[in-house]
Amino acid sequence: MSGMRRRKTRIIEIDVCSHFHPRSRCAMIHSHVLFFLPVGASIILISDFDVEYSQTYNFDVKASNPDGLKVETQEYTVVVNDGTLCFVIVEIPSDGTEKKKQGDLKQDEAFLQLNATSSDGCDEDEFIFVSNSQMYRGFEDTNFVDVTTFDLSPEGNLSPVVVTVDTGEYQLKVVAVNESDPTDQLSISESLLTIVVVDDQNSAPYFDEEYSRNIRLPKEEDEFLFQLRALDPDDKSSGNNQLIFEELSESNSRTETTYFTVEADGKVIAFSNLFTNDIVDLTVQVTDSGIPPLSDNTTIQIKLTMDAAPILETLCGEVVFIMENVTRGTPVCNVVSKGEEDVSFSLTSGNEAFVIDENGAIKTNDTLDYEETQDYQVVVNAEGLDTKLNSTTQILVKITDINEHPPVLSENYFFILLEDSGDLSCESDFGFIIATDEDGSEENSFTSYSLEGDKRFVIDETEGVISKTECIDVDEPSENSSVILILRAENSKADPMLDDTAVVNITIKDINDKSPVLILEGPQDIVREEFIPEEELFVFSYSDNDTSASNRDSVYHFEPSEKDAQDYFEFDEKEGKISTTTTPPPPGTDIAILVTIMNTAEPMLSSSMTVFYSNREGSYFPEELLTQSVNVEENDVGTVETDIPGPVGSLSTTQYSVFYTDGTCAEDIKVEYKSDTFLKLSTTALDFEVPDNRVFNITIAFASDEDNCAAVKRKKRQANVFATTDSSLVTINLVNVNDEPPSFTDFPLGTGSRNFYQAIHVSRVVGETVYDLSQEGGKVEDLDGMPTTLTYAETGMNNLVNVLSDGSVVLEKFLSNDDADGVTHDVEVEVVDSEQGGSDAATLRLRVMADADIFMLWFKWLNDSQDQDLLQCVEECFPVDIHVFSERVVKSEGQNSALWLYAVNGQDNEDFMTRQEFVQTWDENKCSETCKTGGLFKESVGWTSIQIAVFTLAVLIFVGAVIFILILFYSYSM
């Protein structure tokens with residue numbers, strides 16, 4: 001064999017060619033055929049001529065389909081070695097298993113050294129070890145899972161990579177390759193290594209009963225006789241409780257015997273055919289799987305007899321349930337012997353909690369406590385009084401728990417919480433409650449919890465976690481820093497339900513989260529024209545809503561705007577006072593003092609205020625008037641006047657400049673002295689209906705005689721920012737008043753017309769509303785935009801309609817075709833604002849029309865808005881000066897519906913058009929394509945109701961005349 005590479009390494013079999021196929025292709029090397037390539041097969045060596053060992057041969061192989069139209073070329077490389085295989089085998093324990101105690105496995109510390117052997121074909125015995133996979137299965141599991149628990153070094157050292165190796169079974173697939181020759185790496189074998197890890201703590205197994213057995217003969221060879229049983233205190237997960245049984249000895253009173261075979265799983269079977277009475281002592285041993293293995297042994301007396309042992313029957317079945325705490329002597333179960341021989345009953349050792357009498361009645365011998373023992377394996381022995389043969393039977397007695405112990409809480413619970421801050425979530429868990437319950441069963445020991453006393457605190461019903469659901473701020477007057485709750489724990493699943501209560505004390509600890517608020521007892525701005533030494537200028541105090549005194553404790557800090565202010569003022573940081581010293585400041589001095597009150601407790605919250613001291617003469621605007629706002633009612637016909645607060649020291653001779661915020665003079669606004677405390681502001685007419693007039697700002701400043709607009713500004717420092725005291729920024733808010741009259745709008749013929757139009761068909765009845773000025777006659781607009789009451793009235797006289805105060809126009813007379821005389825009735829109407837008194841007038845033009853005056857437009861009605869859409873379509877078919885109206889709409893589901901149309905000529909004295917003019921003016925070329933395809937018709941496709949009535953009457957007259965003639969003819973004939 002040899003290795004061959006085809007782009008990626010492939011193993012290709014090379015063999016001596018024993019036949020030749022006519023469809024084969026051969027590769028040519030040095031003009032000799034060395035390799036044979038059958039179609040679709042591997043490369044086969046057909047000659048050893050000129051082939052050298054350890055040589056590499058490169059050649060191209062061409063493949064084509066039978067017709068030779070498509071040819072593919074593939075490059076091949078053949079490596080020829082010495083032809084001897086190198087096999088590497090990993091040496092592992094004979095049974096493939098390495099067993100270790102858990103405590104003996106240390107992280108990164110090798111516990112096993114693997115070795116390997118190789119065949120003669122390998123160049124050198126230097127190996128590299130690799131683990132291809134690792135699988136793990138716990139002693140209680142059935143399936144393996146992938147793990148990475150061990151590391152196998154190239155030298156073969158196996159070590160754990162984890163701190164603690166779980167007990168269980170590990171399977172590692174390992175290989176070793178010879179690293180000296182690349183071709184040898186192709187000959188590898190994979191070995192399976194099993195590592196069993198057991199727990200360090202191992203307890204010895206033991207037989208839990210003294211065995212004696214009666215075996216009735218005969219028995220055949222390999223027949224199962226009975227099962228050995230032993231117990232192991234170790235858990236299954238430890239790996240130490242896998243038990244193996246074996247026979248130590250077997251003899252009767254005379255010699256050693258070979259009646260029995262003990263299998264590893266504890267089965268005792270017959271070694272040969274048994275048909276002889278005998279008594280045999282069988283000594284057996286049980287051994288666990290720990291490191292080192294521990295064991296126990298026992299001797300079993302076995303009676304081989306042809307007689308029959310007693311046959312026992314338990315009248316209660318194999319399992320009996322009995323309640324704990326029953327009195328001694330409570331019946332448990334009855335056991336009877338089915339044979340004729342009298343027997344004596346007994347219980348094996350370890351069943352002291354029960355007794356059995358001579359009749360096989362089992363009773364309790366002690367108080368049974370579920371919390372101590374949940375079940376008992378009661379073994380009953382019956383021995384024949386004559387044959388001395390015995391039999392055993394087992395009954396499993398299970399003790400049921402009763403709820404006799406209530407859950408027990410601690411006497412009191414104490415928790416300390418910090419009050420909530422606005423930066424944190426108010427919902428949080430802060431406590432954990434566990435109640436103890438001595439009942440053994442889950443049902444009787446299950447505990448549920450509840451809290452009473454404050455809805456802001458809840459407890460998880462099953463987990464006992466106490467949580468806060470709302471924010472708690474002990475600084476609020478309604479809050480208390482101490483909360484007392486009643487905790488209840490109860491056996492909610494048990495019957496009877498027992499409970500216990502305890503007190504939960506929660507203390508809310510105050511945190512410093514309220515800033516002190518600085519309070520000035522007096523004016524914030526003091527102006528002195530004459531210096532007063534040692535004068536108490538500013539006195540401060542503060543309030544702090546924090547509950548604890550330590551969080552309220554604060555100190556004052558003073559920061560004057562001038563460095564030499566310490567020469568003129570005395571600052572009392574403890575009492576919060578500012579006083580003058582004996583040294584006066586220079587005349588005209590303006591000093592701003594930033595006063596801060598700050599907590600001494602972390603996080604040292606604070607608040608500040610700036611006070612001003614001026615040593616000067618003249619008038620000034622105090623701090624509260626540096627910005628002010630005034631409301632002024634609109635007046636669009638005259639001068640607007642209002643009073644605003646004035647500066648300190650204002651005189652009747654003081655001049656003021658008024659300018660807008662962009663610096664331009666407000667020449668239309670005048671400010672002058674009114675009193676010592678007020679100024680009078682006058683301005684030209686202001687109209688609220690002009691949006692730009694509604695809110696605007698002006699600046700009022702002191703002015704000199706030479707300049708009545710530009711302010712003479714003096715400034716003082718305030719918190720490192722200069723603020724003018726010789727000017728006031730005034731915001732004027734214009735207040736809307738009801739001073740605009742109502743106005744008719746939306747006239748059909750545009751703003752140049754004051755007419756509304758309505759045709760009245762002769763079918764209208766007296767009292768019917770034919771028009772509504774508040775709706776159809778255009779909207780009435782009130783520019784004030786204020787709630788108002790509008791009333792409508794007729795200013796002229798007419799005998800056709802009556803105009804009601806709500807804008808309804810109702811018919812006053814019965815109509816006939818004679819009223820359709822083509823006369824236009826002009827009704828003068830007006831709308832009046834009942835509160836403001838303003839009004840507006842318009843003309844309602846009416847004309848009575850008969851069927852001949854109305855144009856019927858038939859259409860198929862689909863929805864409520866279609867008549868308006870059709871009306872717009874119709875108007876497109878007329879010149880722009882013609883306006884089309886609808887007198888009414890007659891709608892009918894599934895039948896032809898009709899628009900009753902008429903028109904007004906906007907150029908012809910704004911008067912109604914006749915039907916003939918309507919039809920003649922209609923220009924179908926002006927109609928849009930939508931209207932043309934929308935089912936519109938110039939000519940009526942149906943008769944009117946009057947036409948139908950006339951036709952019906954004519955038919956009746958004709959029929960009556962025919963009948964009358966026939967009667968006359970008949971009379972004449974008679």
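- At least one side-chain heavy atom of Val335 sits less than 4.5 Å from a side-chain heavy atom of Ile395.
- When the shell of 6.0 Å around CD of Glu91 is examined, it contains more than 12 heavy atoms from other residues, nucleotides or ligands.
- Considering only residues two or more places apart in sequence or on other chains, Phe224 meets the ring-ring contact (aromatic ring centres under 6.0 Å, His included) condition with none of them.
- By the 4.5 Å heavy-atom criterion applied to side chains, Asn241 and Phe139 are not counted as neighbours.
- The backbone N or O of Val161 sits less than 3.5 Å from a side-chain atom of Gln107, completing a donor-acceptor pair.
- Atom CD of Glu220 has 12 or fewer heavy atoms from other residues, nucleotides or ligands within 6.0 Å.
- With a 4.5 Å cut-off on side-chain heavy atoms, Leu172 and Leu152 do not count as touching.
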For residues 297-305, please give each side-chain donor-acceptor pair under 3.5 Å, one per line with the distance, not counting sequence neighbours.
{"residue": "Thr299", "atom": "OG1", "partner": "Thr283", "partner atom": "OG1", "Å": "3.0"}
{"residue": "Lys303", "atom": "NZ", "partner": "Lys388", "partner atom": "O", "Å": "3.0"}
{"residue": "Thr305", "atom": "OG1", "partner": "Asp307", "partner atom": "N", "Å": "2.9"}

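- No donor-acceptor distance shorter than 3.5 angstrom exists from the side chain of Gln374 to the backbone of Lys398, with no hydrogens or angles considered.
- Between atom CG of residue Leu347 and atom OG1 of residue Thr392 there is a gap of 12.0 Å, rounded to the nearest 0.5 Å.
- A distance of 11.0 Å separates CG in Asp232 from OG1 in Thr287, rounded to the nearest 0.5 Å.
- Asp234 contributes a side-chain N or O that, together with a main-chain N or O of Ser203, makes up a donor-acceptor pair within less than 3.5 Å.
- A distance of 5.0 Å separates CD1 of Ile269 from OG1 of Thr261, quoted to the nearest 0.5 Å.
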Going by atom type alone, with no hydrogens or angles, which donor-acceptor pairs under 3.5 Å involve a side-chain atom of residues 310-318 and a protein atom two or more places apart or on another chain?
{"residue": "Glu313", "atom": "OE1", "partner": "Lys338", "partner atom": "NZ", "Å": "3.2"}
{"residue": "Thr314", "atom": "OG1", "partner": "Gly317", "partner atom": "O", "Å": "3.2"}

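- Few gaps surround CZ on Phe111; more than 12 heavy atoms of other groups in view lie less than 6.0 Å from it.
- Here the side chains of Leu282 and Val262 are in contact, with some heavy-atom distance below 4.5 Å.
- A heavy-atom distance below 4.5 Å is found between the side chains of Ser492 and Phe446.
- Under the 3.5 Å distance criterion, the side-chain polar atoms of Asp401 are matched with a main-chain donor or acceptor of Ser441.
- The distance from atom CG of Leu193 to atom OG1 of Thr97, rounded to the nearest 0.5 Å, is 8.0 Å.
- Around the CZ atom of Phe321, the shell of radius 6.0 Å holds no more than 12 heavy atoms that belong to other residues, nucleotides or ligands.
- Contact check for Ile322 versus Ile399: side-chain heavy atoms found under the 4.5 Å cut-off.
- Within the structure, no pair that satisfies the disulfide (SG to SG under 2.5 Å) test touches residues 233-315, not counting sequence neighbours.
- The local environment of CD in Gln113 is crowded, with over 12 non-hydrogen atoms from other residues, nucleotides or ligands closer than 6.0 Å.
- For the residue pair Asn240/Asp288, the side-chain donor-acceptor check at 3.5 Å is not satisfied.
- Checked by atom type, the side-chain pair Thr462/Asp460 shows a donor-acceptor distance below 3.5 Å.
- Put simply, the side chain of Tyr206 does not reach to within 4.5 Å of the side chain of Leu294, judged on heavy atoms.
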Determine, step by step, whether Phe354 and Thr364 satisfy the side-chain contact (heavy atoms from CB on, under 4.5 Å) criterion, reporting the C-alpha distance in whole Å, the side-chain angles of both residues, the deciding distance to 0.1 Å, and the verdict. CA-CA 5 Å; Phe354 305 92; Thr364 59; 4.3 Å; yes

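- Note that NZ of Lys493 and OG of Ser445 are 9.5 Å apart. Values are rounded to the nearest 0.5 Å.
- Applying the side chain to side chain donor-acceptor pair (under 3.5 Å) rule to pairs touching residues 268-282 yields Asn252-Asp278, Tyr259-Asp278, sequence neighbours excluded.
- Atom CG of residue Asn444 and atom CD of residue Glu442 lie 10.5 Å apart, to the nearest 0.5 angstrom.
- Side chain of Asn403 to backbone of Pro496: a donor-acceptor contact under 3.5 angstrom is found.
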Distance-only check: which donor-acceptor pairs under 3.5 Å involve side-chain atoms of residues 131-138, not counting sequence neighbours?
{"residue": "Asn132", "atom": "ND2", "partner": "Glu190", "partner atom": "OE2", "Å": "2.8"}
{"residue": "Gln134", "atom": "OE1", "partner": "Thr149", "partner atom": "N", "Å": "3.0"}
{"residue": "Gln134", "atom": "OE1", "partner": "Phe150", "partner atom": "N", "Å": "3.0"}
{"residue": "Gln134", "atom": "NE2", "partner": "Phe150", "partner atom": "O", "Å": "2.6"}
{"residue": "Tyr136", "atom": "OH", "partner": "Thr167", "partner atom": "O", "Å": "2.7"}
{"residue": "Arg137", "atom": "NH2", "partner": "Glu169", "partner atom": "OE1", "Å": "3.0"}

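- Residues Thr257 and Glu250 have side chains that bring a donor and an acceptor to within less than 3.5 angstrom of each other.
- Within the 4.5 Å cutoff, side-chain heavy atoms of Val197 are placed close to those of Leu105.
- A donor-acceptor distance shorter than 3.5 angstrom exists from the side chain of Asn365 to the backbone of Glu352, with no hydrogens or angles considered.
- Side-chain N or O atoms of Lys267 include none that pairs as donor or acceptor with a backbone N or O of Ala264 at under 3.5 Å.
- When atom types are taken as modelled, the side chain of Asp439 and the backbone of Glu404 share a donor-acceptor pair closer than 3.5 angstrom.
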